Every structure is written in C-alpha cells, then in structure tokens.
Protein chains: 4
Amino acid sequence: MQASTIQSKFIRIRSNKLFELLVISVIIFSALLVGAKTYEMSDTLITVAKFLDWFITIFFLTEISIRFIAEPRKRDFFKNFWNIFDTLIVLISLIPADDTDMAIIARLVRVFRVLRMISIIPELRLLLTSLVKAMPQLGYVMLLMFIIFYIYAAIGSTLFESINPVLWGDITVSMLTLFRVMTFEDWTDVMYETMAVYPMSWVFYLTFIFLSAFAFLNMVIGIVVNVMEQENEKARAEAMEERGEPTIVDLSQQLTQIQQQLNELTAQTKSDKTK
Amino acid sequence: MQASTIQSKFIRIRSNKLFELLVISVIIFSALLVGAKTYEMSDTLITVAKFLDWFITIFFLTEISIRFIAEPRKRDFFKNFWNIFDTLIVLISLIPADDTDMAIIARLVRVFRVLRMISIIPELRLLLTSLVKAMPQLGYVMLLMFIIFYIYAAIGSTLFESINPVLWGDITVSMLTLFRVMTFEDWTDVMYETMAVYPMSWVFYLTFIFLSAFAFLNMVIGIVVNVMEQENEKARAEAMEERGEPTIVDLSQQLTQIQQQLNELTAQTKSDKTK
Amino acid sequence: MQASTIQSKFIRIRSNKLFELLVISVIIFSALLVGAKTYEMSDTLITVAKFLDWFITIFFLTEISIRFIAEPRKRDFFKNFWNIFDTLIVLISLIPADDTDMAIIARLVRVFRVLRMISIIPELRLLLTSLVKAMPQLGYVMLLMFIIFYIYAAIGSTLFESINPVLWGDITVSMLTLFRVMTFEDWTDVMYETMAVYPMSWVFYLTFIFLSAFAFLNMVIGIVVNVMEQENEKARAEAMEERGEPTIVDLSQQLTQIQQQLNELTAQTKSDKTK
Amino acid sequence: MQASTIQSKFIRIRSNKLFELLVISVIIFSALLVGAKTYEMSDTLITVAKFLDWFITIFFLTEISIRFIAEPRKRDFFKNFWNIFDTLIVLISLIPADDTDMAIIARLVRVFRVLRMISIIPELRLLLTSLVKAMPQLGYVMLLMFIIFYIYAAIGSTLFESINPVLWGDITVSMLTLFRVMTFEDWTDVMYETMAVYPMSWVFYLTFIFLSAFAFLNMVIGIVVNVMEQENEKARAEAMEERGEPTIVDLSQQLTQIQQQLNELTAQTKSDKTK
C-alpha cells in the first residue's frame with residue numbers, strides 16, 4: 001500500500017510543470033558546463049566543475065528513477081525509445097573515469113547529455129521522428145547514390161592509385177575523395193593531377209558530378225513532394241472535418257435524394273391522373 | 001489655433017508626392033556619398049563631403065520633425081517601428097565625432113542611413129516584415145541546428161584541441177570551424193589534419209555534414225511550404241471574394257432550397273389528392 | 001509589278017523549310033569555325049578560315065536582305081527585336097579589321113554570331129523572353145540584395161581597408177569581395193585575415209551570409225512560386241476550355257434553372273387547386 | 001518435345017524466388033570482390049580472387065542462358081534493354097585479359113558488373129527510366145546552357161589565352177575552366193589572374209555566373225514542376241478511379257436528369273389541367 005502511495009506521489013511530481021522546468025534548466029546548465037570546460041580553466045574552477053558534474057549526474061539519476069517508479073507498468077517504460085535513451089546517457093555517466101584515456105571518453109559522454117534537450121522538447125522529438133520516417137522512402141535513391149559512388153570509387157582506385165595513393169589508395173578512401181568532389185571542395189586539384197597522366201579523365205569527374213547531382217536532386221525533390229503531399233492531405237482533412245464543409249460526395253447524395261423525391265412526386269401525380 | 005494650422009500644413013507636406021521624391025533623392029544621394037568616401041579623395045573633396053554630410057543630417061532632422069509634428073497623436077508616432085528607426089539614425093548622426101577613434105564610428109553610422117531606403121520603400125518594408133514573421137515558425141528547426149552545432153563543437157573541441165588550437169581551441173571557435181565545414185570551405189584541409197591523428201575522424205565530419213544538411217533542408221522546405229500555402233490561401237480568397245464565384249457550400253445551400261420547394265410541392269399534391 | 005514578284009518569291013524562299021535548315025547549318029558551321037580558331041592552326045588553315053569567314057558574312061547578309069525584302073511593311077521589320085539583333089550582328093561583321101587591336105574585337109563579334117542560334121530557334125527565344133519577363137517581379141528582392149551588399153561593402157571598406165586594400169580598397173572592390181564570400185570561395189581566408197585585427201569581425205561575415213542567403217532564397221522561392229502559378233493557371237484553363245468540362249459556376253446556373261422550373265410547377269399546381 | 005520441357009523447367013527456375021535471391025547475392029558478392037581488389041592483397045588471396053572471378057563469370061553466363069532459353073520468343077529477349085545490357089556485361093567479361101595493358105580494362109569491366117544491381121532491382125530501374133524520360137523535356141534548357149558555355153569559352157579563349165594557356169588554351173579547355181567557375185571552385189584565383197591584365201574582366205565572370213545560374217535554376221524548376229504535375233495527376237486519377245468519387249461532370253449529368261424529370265412532371269401536370 002505504501003509503494004502505491006509513493007508511486008502516485010511520483011506521478012504527481014512527474015507531471016508537475018515546475019519539475020519539468022527544473023529538468024530543462026539542469027539540462028541547459030549541463031550543456032553550458034560542457035561548453036565552459038572547453039575553455040582554459042584555473043584549478044579551483046576545475047574542482048567546481050567536477051563537483052557540478054556529479055551533482056548533474058545525481059540529479060539525472062534521481063529524475064530517471066522518479067519517472068521509472070511513476071510508470072504504472074515497468075515494462076512499458078523501456079518500450080519508449082526516449083526512456084531507453086535517457087537511461088543509457090545517465091548510466092554511462094556513472095562509470096568512473098580516472099585515468100587519462102578514459103577521461104576523454106567520460107567527457108564525450110557528458111557532451112551527449114545535451115541530446116537530452118531533444119528528448120525533453122516534444123517539437124524537437126517530432127522533427128527527429130519525421131527524419132527517421134522519411135528515411136525508408138528515400139531508401140532506393142540512396143541505394144542508387146551508393147552504387148554510383150561505389151562504381152566510380154572502384155574505377156578511380158583502379159586507374160588513379162599509382163598517381164596519388166593518398167586520394168585513391170583503396171575503395172574507402174576513393175569514396176571519401178569522391179564525396180569531396182561532390183562538395184566541389186578543391187575538386188579541380190584532384191582532377192588536374194589525374195589529367196596530367198590521363199588527359200581524358202575529366203570525363204570521369206564530369207559524369208560523376210552530373211550523375212550524383214541528379215541522384216541528389218531526385219532525393220531533395222522526393223522529400224519536397226512528400227512534405228507537400230502531407231501538407232495538402234492535412235489541409236484537405238482540416239477543411240472537411242473541422243469546418244464541416246460539404247464535399248462533392250455530399251452534393252451527389254443530396255442530388256440522389258432530390259431525384260427520389262421527384263420520382264415519388266411523379267408517381268403520385270400519375271396515380272392522381274388514373275383516378 | 002496656430003499650432004493646428006502648422007500641423008495641417010505639415011500633414012499636407014508629408015503626403016505630398018514631390019516631398020516624398022525629394023526624401024528618396026536625398027537618401028540615394030547620401031548612399032552615393034557613403035560610397036564615394038571609400039575612394040581616395042583630395043582635401044577639397046573631403047571638405048565638400050563634410051559639408052554635404054551636414055546638409056544631409058539637417059535635411060533628415062527637418063524631415064523627421066515635419067513627420068513628428070504632422071502626427072495627430074504624438075504617442076502613435078513612436079508606436080511605429082520605422083519611425084523609431086529613422087529617428088535613431090538621425091539622432092546618432094548628430095553626435096559630434098572629431099577625434100580619430102570616434103571618426104570611424106561616425107562614418108559607420110552614416111552608412112546605416114542607407115537603411116532608410118528600406119524604411120521609405122513600402123515593398124522592401126514588406127519583404128523584411130515577412131522575414132521577421134517567418135522566424136518564429138523556423139524556431140525549432142534552428143534550435144535543432146544549434147544543438148547539432150553545439151554537440152559537434154564540444155566533441156571537436158575535446159578531441160581535436162591538441163591538434164589545432166586555432167580551429168578547435170574552445171567551443172565558440174569550434175562552432176565557427178563547423179560553420180566553415182558546413183559551407184564546404186576547404187573542409188577537407190580541416191579533416192585531413194585530424195585524420196592524421198584519428199584516422200576515423202571522417203565519421204565526425206560526414207555525420208555532421210549529413211545532419212546539418214538535413215536540418216537546413218528542413219528549414220528551406222519549411223519556408224517553401226509556408227510561402228506556397230500563403231499563396232494558395234490568397235489565390236483561393238481572391239477567386240471566391242472578388243469574382244463572387246460560388247463555392248461548394250453555396251451549391252449545397254441551393255440544393256437544400258430545392259429540397260424544401262419539392263417538399264412543399266409534394267405536400268400540396270397530397271392535399272389535392274385528399275380533397 | 002516586278003518588285004512585287006521578287007517580294008512574293010522571297011516570301012516563298014523565307015518560308016521554305018530547306019532554306020531554314022540551310023540557315024541553321026551555316027550558323028552551326030560558323031559556331032564550329034569560331035571554336036576551331038581557338039586552336040593552333042597552320043597558315044593554310046588560317047587562310048581557309050578567313051575565306052570561310054567571308055563566305056559566312058556574305059551568306060548572313062544575303063539572308064537578312066531576303067527577309068527584309070520579303071517583309072510586306074518595311075517598318076514592321078525593325079519592330080521585331082530579333083530582326084534588329086540579327087541585322088546588327090551582320091553589320092558589325094562587315095567592319096574591316098586588319099590591324100591587331102581591331103582584330104581581337106573582330107574575332108569577338110564573330111563569336112556573337114553563335115547567338116543567332118537563339119534567334120533562329122523559337123524555343124530558345126521563348127526561354128529568354130520568360131527570363132526577361134521574370135525580371136521586374138524580382139525587382140524589389142534584387143534591390144534589397146543590392147542594399148545589403150552596398151551597406152556591407154561600405155562597412156567593410158571603412159573598417160578593413162588598412163588590413164587588405166586589394167580586397168577592401170573601395171566600395172566596388174568590396175562588393176566583389178562580398179560576392180566572393182557569398183559563393184563561399186575561400187571566404188575563411190578573407191575572414192581570418194580581418195579577425196587577426198578585429199577578433200569579432202566574424203559577426204560581419206556571418207550576418208552577411210545569413211542576410212544574403214535569405215534574400216537569395218526569397219528570390220528563388222519567388223521564381224518557383226511564379227512558375228508553379230503559371231503552370232496551375234495553364235492546367236486549369238486547359239481543363240476547362242479544351243475538354244469543355246463544367247465548372248462550379250455552370251452547376252450553379254443549372255440549379256437556378258431547376259429552381260425556376262420548380263417555381264413554375266408549384267404555381268401551376270396552385271392554380272389547379274384554386275380552380 | 002524435350003526442348004519444350006527444358007524451357008518450361010527453366011521458366012520455373014527463372015520465376016523462382018530463391019533463384020532470384022541467389023542472383024542478387026552473387027551480384028553483391030561480385031561487387032564486394034571488386035572493392036576488395038582495390039586493397040593490397042597477398043599472392044594467395046590474388047589467386048583466390050581470380051578463381052572467384054571465374055566462378056562469377058560462369059554463374060552469370062549460366063543465369064543469362066537460363067533466362068534466354070526460358071524466353072518463349074527469342075526475338076523479344078533482345079527487345080528488352082536490360083537483357084542486352086546484362087548479356088554485354090557477361091560477354092565482355094569472357095574476353096581473356098592476360099597482358100598488363102588489357103588487365104586494367106578487364107578489371108574495369110568487372111566493375112561494371114555492379115551495374116547489374118540496377119538491372120535486377122525494379123525500383124532502381126524505374127529511377128533510371130524516369131531520368132531518361134526527363135531528358136528530352138530538358139533538351140532546350142541544356143542547349144541554351146551549352147550555347148552560354150560555348151560563347152563564353154570562345155570569348156575567354158580569345159582574350160585570356162596569352163594570360164594562362166593552361167586554363168584558356170582552346171575552347172574545350174576553356175569550357176572546363178568555365179565549369180570550374182560555375183562550381184565556384186577557386187574561381188576568384190582564375191578571375192584575379194585575368195583582372196591583372198584586363199581590370200574589367202570581372203564583368204565576364206559575373207555575367208557568366210548569373211546566366212548559367214539562371215539556366216541551371218530553370219532546369220531544376222523544370223524538373224520540380226514536372227515531378228509535381230505527375231504526382232498531382234496520379235493523385236487525381238487515384239481519387240477518381242479507385243475510390244469511385246463523383247466528379248463535377250457526374251454532378252452535371254445528375255442535374256440534367258433532374259431537369260428532364262421536372263420537364264416530364266410539368267408536362268404531366270399540364271395535361272392534367274387540360275383534361
């Protein structure tokens with residue numbers, strides 16, 4: 001009975017506006033701390049930062065515990081992606097990191113706490129979800145792009161490896177070089193180097209730029225059309241349902257009713273006549 | 001009574017087409033003067049420019065005074081953002097600037113007079129207002145972008161500070177470096193430098209480019225969809241209101257009227273029968 | 001009578017498909033000749049090229065004369081922009097160019113003959129006309145962009161002239177430098193140079209990039225929305241006029257007719273009753 | 001009779017899901033092999049790779065044979081572009097390549113086997129077909145772009161050849177330089193070089209950038225509008241046909257029926273009256 005009382009108390013805490021604000025403040029504060037630590041700091045400040053770090057870790061641990069206890073069914077807690085995400089961030093922070101090698105990893109983990117900003121603000125969560133949802137629809141265009149990259153990287157690696165092994169050494173490095181070419185980053189330097197040996201190699205670069213640009217354009221247009229359609233669908237649904245505006249289907253039904261009325265009327269008039 | 005006469009006279013001046021043209025001419029002239037002063041000038045020309053500068057300042061002061069006196073309610077004058085803007089520009093120009101340190105600031109203030117071009121042309125004012133209005137809708141995407149920048153800058157500053165403190169010294173400098181990477185400006189130079197120490201650091205750059213490009217694309221699409229919807233809304237409103245074209249709602253109402261007429265007719269025919 | 005016969009003969013030539021094809025062939029040939037002359041050539045080839053050049057000039061002169069004589073009203077001939085364009089290209093080619101200074105100009109004029117490709121192909125003429133038509137609608141966005149450039153160039157020239165006079169010497173050079181920054185071309189080199197003196201000058205570059213990007217985006221969206229609207233308008237017009245599909249207005253008129261019929265019928269039935 | 005049995009057996013194999021999966025696996029495996037060969041390999045691994053190469057060649061030969069025999073009408077087999085494509089890839093792989101010069105070509109041919117990924121996955125085939133279909137509609141914009149490039153290259157080659165023959169030597173090289181300028185790749189280096197001789201040559205670069213950007217934008221908008229229209233057409237067709245939703249045409253027909261009914265009714269009532 002007592003456990004249940006604690007739980008109901010925690011549920012009240014969880015849905016408290018002030019508690020939510022406090023959590024957001026601590027997340028922002030932890031983000032600022034992460035930023036501050038990238039500046040030169042005096043020894044006293046480092047000690048303060050360490051203390052604050054532990055305070056934040058304990059606060060997050062408490063917060064996640066409250067949310068876990070407040071959950072009526074413990075299983076559902078881990079069905080929510082963001083809960084798992086938050087728990088992991090907190091748990092990894094708990095690992096002690098004293099020697100220098102681990103220290104850098106520990107600092108990086110603290111950076112990821114800033115990501116809790118996304119899990120706490122619903123609008124940002126929505127933005128990310130929409131990204132993940134858009135992914136599968138773009139699957140085939142991205143596969144096509146990967147094939148284009150792979151083929152050109154294989155050709156580039158085969159032909160140009162002896163010219164510049166740093167850029168064309170193996171297929172992974174070649175794909176990175178091609179990505180560089182795609183972003184137009186000093187791509188002519190890459191091209192002029194190979195053109196000194198193979199004067200026609202500009203064909204390689206130009207066809208690659210055109211093909212990858214086409215695939216990229218296809219991807220962007222795919223996203224735009226998707227978004228537009230969703231907006232249109234939403235707008236149409238709103239217009240119809242909320243404002244209760246009649247549709248062409250409604251008009252057609254009304255017309256059918258009128259025809260039935262007319263038929264009745266005609267039948268009546270006929271029966272009058274025969275009488 | 002006399003004050004009122006002056007006011008009505010000034011109102012007439014303010015709405016005079018010629019006066020408006022004169023103001024625009026002086027603004028353009030002041031812009032040209034600002035441009036001319038960036039060239040080498042002989043001493044006589046510098047004296048002439050100084051004189052012209054004072055003439056423009058006095059002209060703008062006179063103009064703003066006329067508009068202020070012409071305003072029926074003095075309070076409303078400062079409710080308009082553009083009036084405050086114009087007054088500030090003029091007032092700051094009045095501050096005397098003789099020593100060399102202030103001279104450069106005085107010159108910069110004169111540059112901002114060119115901005116009066118925006119306050120005087122309604123179409124440009126509209127463009128800027130539409131920008132300001134679009135801002136809040138883009139708020140969350142920009143917040144997401146800032147979080148992406150902040151996290152990557154914190155990681156970059158933690159890992160790469162020892163490699164190149166000029167680029168990755170603290171979180172502010174790292175964010176500037178990341179903006180550079182986002183604009184593809186010699187980004188491979190930055191990457192190759194860190195890849196010499198951390199061979200896998202290309203993952204850092206590529207994920208950053210993809211995430212920021214996604215957020216940016218989201219922003220652009222957001223703006224495009226917004227503009228399109230506004231245009232559609234406007235087009236629909238025009239089609240309906242101005243041309244008086246019937247809508248589906250009107251058709252439905254007409255049909256309901258017909259049904260009522262039919263009901264009456266049927267009732268009548270029935271009463272005939274019973275008679 | 002004879003003049004008229006020549007004219008009617010020329011009209012027949014002008015509208016002859018073969019003659020049109022011949023003109024296009026000569027234009028393409030003259031374009032190839034222009035390209036060929038950029039390569040190293042032996043003396044004999046240069047003589048041949050000179051001969052061909054004169055042949056093309058005479059051919060174009062003949063063609064333009066035929067089109068002029070074929071025109072029923074000589075005045076209308078020069079009302080057409082493309083006729084004036086073609087005539088000018090031909091006339092300038094006639095100017096003899098023997099000394100070296102004029103030779104280069106003469107060669108450039110021959111290059112412009114390639115532009116006749118645009119005047120002869122209607123689809124390309126349409127593309128260019130649509131460009132010219134789109135210009136005025138973009139006027140205010142372009143003015144805004146110019147003001148942004150002008151103000152930033154004035155500020156840049158005032159503050160940075162002593163740092164690098166080549167980039168920031170006067171307002172014209174500064175605007176060129178800003179255009180370079182807008183295209184992200186080694187813009188960090190420009191920025192790092194001024195940041196050495198004014199550490200906060202990154203604010204100058206970042207605000208400029210955001211403002212000009214916003215203005216540019218506005219321009220692109222403006223064009224896209226314009227094109228879309230024209231397409232929609234065209235599609236709607238097609239759907240209605242060509243296919244003869246009824247509109248909501250037609251439906252409303254039909255309904256009004258039905259109501260009148262019902263009214264008549266009701267009146268009749270009533271008169272029956274009273275009888 | 002026996003031949004027919006083999007054919008029907010092969011048809012069953014061809015449409016077998018497992019067989020299809022096996023083919024895709026071998027294609028992916030051959031792609032991985034192509035990638036692996038770009039890395040340093042020990043002699044034993046090279047021998048293994050050679051063996052696997054022959055296995056893949058034989059497998060593809062078998063697969064194409066099965067598909068050919070399974071085809072009821074042999075002529076139709078070569079009417080399909082993708083069948084010809086697959087056959088060519090396989091046949092070229094069969095050419096023995098022992099000496100070093102041919103070895104590199106042989107390796108490149110093996111790279112093109114990765115393209116079979118596109119021929120085997122219907123969605124990728126569709127993407128490519130849509131590209132090919134979009135081409136002719138973009139024909140005139142691309143022609144315009146080519147003319148712009150050609151004219152500017154001719155001018156550049158005429159004026160700047162003496163300044164930098166590597167960049168402006170002949171019309172082909174000049175067009176490559178202009179493409180570089182269009183991608184903003186170190187374009188100011190190119191410009192500053194010619195501005196040292198012709199101080200006004202920035203006009204050449206800026207007009208080129210604006211014209212080519214306009215033509216490019218036109219192209220992109222053309223593609224976007226095309227895609228949008230297709231999507232709209234598809235959406236409209238779906239809404240009408242699949243859901244059986246009435247259109248305005250249907251409504252109009254229903255109204256015409258009602259009018260006929262009313263006419264009949266009126267005629268009847270009149271005949272009542274006369275009786």
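Each chain gets a letter, A, B and so on, in the order the sequences are listed, and its residues count up from 1. Since we're looking at a predicted model, the values are computed, not measured.
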*Asks:* Would you mind checking which part of A/Leu206 comes under 4.5 Å of any heavy atom in chain D, side chain (CB onward), backbone (N, CA, C, O), both or neither?
*Replies:*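 When you check distances to chain D, only side chain atoms of A/Leu206 fall under 4.5 Å.
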*Asks:* Does D/Asp53 come within less than 4.0 Å of D/Lys50, counting only side-chain N to carboxylate O?
*Replies:*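 Looking at D/Lys50 together with D/Asp53, the answer is no, because their closest N to O distance does not fall below 4.0 Å.
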*Asks:* Output the option from A/Val141, A/Ile155, A/Leu143 having the highest count of non-hydrogen pairs under 4.5 Å with chain D.
*Replies:*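 Most pairs with chain D among the choices: A/Ile155.
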*Asks:* Using non-hydrogen atoms only, which part of A/Met195 is less than 4.5 Å away from chain D: side chain, backbone, both, or neither?
*Replies:*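 Just its side chain gets close to chain D.
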*Asks:* Side chain, backbone, both or neither: which part of A/Leu217 has a heavy atom under 4.5 Å from chain D?
*Replies:*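 For A/Leu217, the side chain is the part near chain D, not the backbone.
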*Asks:* D/Phe112 versus chain A, heavy atoms under 4.5 Å apart: side chain, backbone, both or neither?
*Replies:*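 Just its side chain gets close to chain A.
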*Asks:* Within this structure, what is the CG-CD1 distance for the pair A/Leu211 and A/Ile147, rounded to the nearest 0.5 Å?
*Replies:*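 The distance works out to 12.0 Å.
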*Asks:* Can you tell which part of A/Tyr140 gets under 4.5 Å to a heavy atom of chain D, answering side chain, backbone, both or neither?
*Replies:*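 It is both, since atoms from each part get that close.
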*Asks:* So which part of A/Val173 gets closer than 4.5 Å to some heavy atom of chain D, the side chain, the backbone, both or neither?
*Replies:*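 No part of it gets close to chain D.
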*Asks:* Check for me whether the distance between the ring centres of A/Phe85 and A/Trp82 falls short of 6.0 Å.
*Replies:*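 When the ring centroids of A/Phe85 and A/Trp82 are compared, they turn out to be within the sub-6.0 Å range.
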*Asks:* Below 4.5 Å from any heavy atom of chain D, which atoms of A/Ile258 appear? Answer side chain, backbone, both or neither.
*Replies:*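 Contact with chain D: side chain only.
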*Asks:* Please classify the contact of A/Thr172 with chain D as side chain, backbone, both or neither, using a heavy-atom distance under 4.5 Å.
*Replies:*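 Contact with chain D is through both the backbone and side chain of A/Thr172.
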*Asks:* Report yes if the distance between the aromatic ring centroids of D/Trp187 and A/Phe184 is under 6.0 Å, otherwise no.
*Replies:*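 Centroid distance D/Trp187-A/Phe184: not below 6.0 Å, so no.
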*Asks:* Using the ring-ring contact (aromatic ring centres under 6.0 Å, His included) definition, which of the options A/Phe210, A/Tyr198, A/Phe160 pairs with A/Phe204?
*Replies:*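 The passing option is A/Phe160.
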*Asks:* Could you verify whether a donor N or O on one side chain and an acceptor N or O on the other, from A/Asp170 and D/Thr38, lie under 3.5 Å apart?
*Replies:*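 D/Thr38 and A/Asp170 do not have a side-chain donor-acceptor pair below 3.5 Å.
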*Asks:* Can you tell me how the ring of A/Phe208 sits relative to the ring of A/Phe149, calling it parallel under 30°, perpendicular over 60° and tilted otherwise?
*Replies:*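 Answer is perpendicular, since the angle exceeds 60°.
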*Asks:* Measuring heavy-atom distances to chain A, does D/Leu115 have an atom under 4.5 Å in its side chain, in its backbone, in both, or in neither?
*Replies:*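 For D/Leu115, backbone and side chain are both near chain A.
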